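For reference, the structure is listed below as structure tokens.
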Amino acid sequence: MPKLRPTLLVLALAAAGSTPAATVIRGATVIDGTGAAPLTDVTMVIDGDHISLMGPGLRAKMPADTKVVDYTGKTIIPGLVSDHAHVGSVDGTKSGTPVLYNRANILRQLKQWRTYGVTTVTSLGFNLPAVFYPLRAELHAGKADGADLFGADRGIGVPNGAPPAKMMTVGSDQLDRPETPAQARAAVDAAAQRGTDLIKIWIDDFNGSLPVKMKPAIWHAVIDEAHAKHVRVAAHVYYLDDARQLVDAGVDILAHGVRDRPVDAAFIEAMKKHGTWYVATLDLNEAAFIYARHPAWMDRPFFTRAVQPDLAKQFADAAWRDRVQQDGSTRTNEDALRTNMANLKALYDAGVAIGFGTDAGATPLRIPGVAEHRELALMVDAGLTPVQAIQVATQRAAALLNLTDRGVLANGKRADFIVLDGDPSKNIEATTTIRAVWQRGQQVAGPLESTGP
Ligand SMILES: [Zn+2]
């Protein structure tokens, strides 16, 4: 990138001439989300909610009313974009009850995500339309406080099957379970009519614990009808064989990684040929066992400030920790995580389209904000470089949602970004050293030490 000339900055500030006066951010290292190497000593001019000019190394005389923020020594990355989360399903240790899907609880969660630098969140199912759509509109317009929200309407599940009614006790207004292809098409039509961003389906038997999986006739009908209505379909998957069939049938997004066995060349080719997106959700399996082991990061503000009191009590309970450690599912989750990480690396290296998500908010252990930063660390453990992992969580994740206004820091893009004390290009865990979060050109959160759940 060529160095900016001072005259350009003066022109940008003059053009910004709106109220409030332009803001100039300077001195920081910027990882812009495109996968490019970090830029040092960057100057960023913010005009309203977007970046009007950005480039390295620039000092100029500025109008007296210009707000200048010096972030020398800090590193800035774009706000994170989650392609797979859930809102209104969890509060403390409570989950899966319809009363949690209310505006106050959802805004509490969206604020927590934003405090952790996740400025855009996609709620992949269980959305109560009467609450979801008005809130989505307010958030899009900047009239409610929290991460911006997208979603997949109610979602389409299976009678007596996934998602498990025991784990996800949701209201009948929050999930469809069609019995026939005609009912499935009607459910898609209704969601499309309401203006959904995506359609969600579940193809899984949850490690054999459910008697049935969604019949191919149903998911074929869903994909066909959704595409006829110009809406894309995201599928919950676990097994390679299901993923393969769905990809061949034109599903648009695999909303979880393949976790039963290694992906093969034919599957990788099919993903590339169809342009199918892959969202690994590595953190989901780690979250099932890691808190019982109490890694050192659980004592840092990065973690403690995200944990509601009831959940903190559970983590401190020795009996709970013993139970999780001895639970047979821990081994299954460790294996699933290992397989998922190897598959992510294979697909990434082959050039498959990779999105970003964690399934945060689906259960109490999948903690908004914490989950996304753990996902970044696990992606690097899987073999991506920190800059690649950040690109997936920003530019690529926004591209999955067809959002062109965010995900990278550049002229004309939304001024959604995280200011970090550390440089994550050297150590990915530096994404947790949050000094400030900016959204739409305004600082909306400070250091994690100063916040609480
Ligand atoms: Zn989910």
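Counting begins at 1 with the first residue of the sequence. One-based numbering, in listed order, for ligands and for the atoms of each. Fair warning: this is a prediction, and the values are worked out from it, not measured in the lab.
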Parallel, tilted or perpendicular, as decided by the 30° and 60° cut-offs, for the rings of His86 and Phe126: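 Correct class here is tilted.
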Donor-acceptor under 3.5 Å (Glu375 side chain, Leu282 main chain):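 At least one qualifying donor-acceptor pair exists.
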Taking the ring of [Y] and the ring of [X], is the distance between their centroids below 6.0 Å?
| X | Y | result |
| --- | --- | --- |
| Phe303 | Tyr291 | yes |
| Phe206 | His236 | yes |
| Phe150 | His140 | yes |

If only protein N, O or S atoms under 2.8 Å count, total around the Zn ion (ligand 1):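 With waters ignored, the protein N/O/S count below 2.8 Å is 3.
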Donor-acceptor pair between Trp297 and Glu429 side chains, under 3.5 angstrom: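 There is no such pair (donor and acceptor under 3.5 Å, judged by atom type) between the side chains of Trp297 and Glu429.
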